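As the structure lists them, so they are numbered: ligands from 1, and atoms in each ligand from 1. Everything quoted here is computed from the prediction, not taken from an experiment.
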Amino acid sequence: MFNPRAIADLEREMQRIGVSPEGIEIMARKGKFYKIRLENLPLKGALILKQEALAAGMECALPWCTASLTCDTTDAILFGTKRQFQILAEKMKMQPFKGAKMAEEIEVCLENLERREYEVRAGGWRIRMPPFRVMGILNVTPDSFSDGGKFLSVDRAVEHAHRMVEEGADIIDIGGESSRPFSEPVSEEEELRRVIPVLEELDGLKVPISIDTYKPRVAEEALKRGASIVNDIYGLRREGMAEIAREYDAAVVIMHMKGEPKNMQVNPHYEDVIGEITRFFRERVEFARSHGIEDDRIILDPGIGFGKRLEDNLMIIRSLGSFRCLGYPILMGTSRKSFIGKVLDLDVSERLEGTIATNVISLMNGASIFRVHDVKENVRALRMAQAVMEAFA
Ligand code: 7PJ
């Protein structure tokens, strides 16, 4: 939808034919095309919104029930240029039936969609983006689907972590419970037994460590031993997790998952996968904030493969940009996952190229952090993609 590169190219082309700086500024706003969805609007407010949108020369799509006046609330899809959105927001500020609230939502979303830089605080670390960041996966489980068992001994896990850092990993993500589809949970004790010795050996590592767990106690023990990010596939839904993240000033990855690993791939179904994940993110962000977790400690992750069909995963990668409306950096975990195997008909050991393709497109669509097994190869591909995206920008 909104492509900052295309705008930069448009501005440069105007410069080349000698357009004045003032003129470029005014006109560039008409070259930025956005789509924003507003939810749960009162019917009367939505009808005013539609009138004002049309008056500004843009569009506001509403469902049939708003024309027949048979619903009380509705969603709306707005699309138009940045200039048109600005005119619309000014007009809506003065309107009744939640006009001011809609105006504010439009302005906040517009600002977030244009945002290109994030800084995440994780314990004492500050993680700036861009550049993109790569999170290297360190599985210390006997049953992880792609490298299960390989890094079970502490020494080998530690060695692998160091190798990933040498290859360009900016974060090391340690996990002691497999969350592959249909897997059974492991006990807290077993998970601790797997991850704690590795964490102790990684003391002093020169990049931040994240702990891939949904168990508050495992998170706490890891944070005590130097981890600074809680990577939670349950999105802080387990009792006590938010409090612990807050207490240790950790950053949190809030991931979307439908169901649990045990049952998530049993007939997953969405009416509207992007809308559903967006609502989940909004609710979870509010929850995190209400527990004292600050905005610059929050990372969002749509949870590729967690209760999603092939078409859902593909749609999420395509539509990633719309999550940027919320204003948080986006993490993507596509590495070697089965949707790649389905498209390419390839076994898990043969999914590197597919992983790279999904990561490059996600980068272009606004993702900032990439969780991968193959650090060196993904770093190279993403750096190359970034160079093309930033050429002359
Ligand atoms: C993800 C994860 C992911 C985040 C796993 C696997 C399954 N954490 N942990 N995002 N996936 N944040 O690596 O295939 O996609 S475990």
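- Residue contacts with ligand 1 for D212 involve side-chain atoms from C-beta outward but no N, CA, C or O (heavy atoms, distance under 4.0 Å).
- Residue K215 is tested with E239, E191, E221, E188 for a salt bridge (charged side-chain N to carboxylate O under 4.0 Å, His left out); the sole match is E191.
- Side chain of K337 to main chain of I304: a donor-acceptor pair is present (N/O by atom type, distance under 3.5 Å, no hydrogens or angles).
- Residue-ligand proximity, V253 to ligand 1, at heavy-atom distances under 4.0 Å covers atoms 12 (N).
- Comment: R194 engages E190 in a salt bridge, judged by a side-chain N to carboxylate O separation of less than 4.0 angstrom.
- With a 4.0 Å heavy-atom cut-off, ligand 1 is reached by no atom of R336.
- Heavy atoms of K337 found under 4.0 angstrom from ligand 1 belong exclusively to the side chain.
- With sequence neighbours left out, Y118 forms a ring-ring contact (aromatic ring centres under 6.0 Å, His included) with no residue at all.
- A distance-only check finds a donor-acceptor pair linking the side chain of R284 to the backbone of L236 [under 3.5 Å].
- If you number the atoms of ligand 1 from 1 as listed, the ones under 4.0 Å from a heavy atom of M255 come out as 3 (C), 4 (C), 10 (N).
- Within the listing of ligand 1, atoms 3 (C), 4 (C), 10 (N), 12 (N), 15 (O) sit less than 4.0 angstrom from a heavy atom of D301.
- Remark: ligand 1 and N231 share an N or O pair separated by less than 3.5 Å (distance only, no angle test).
- Using a 30° and 60° split on the angle between ring planes, H256 and F280 fall in the perpendicular class, above 60°.
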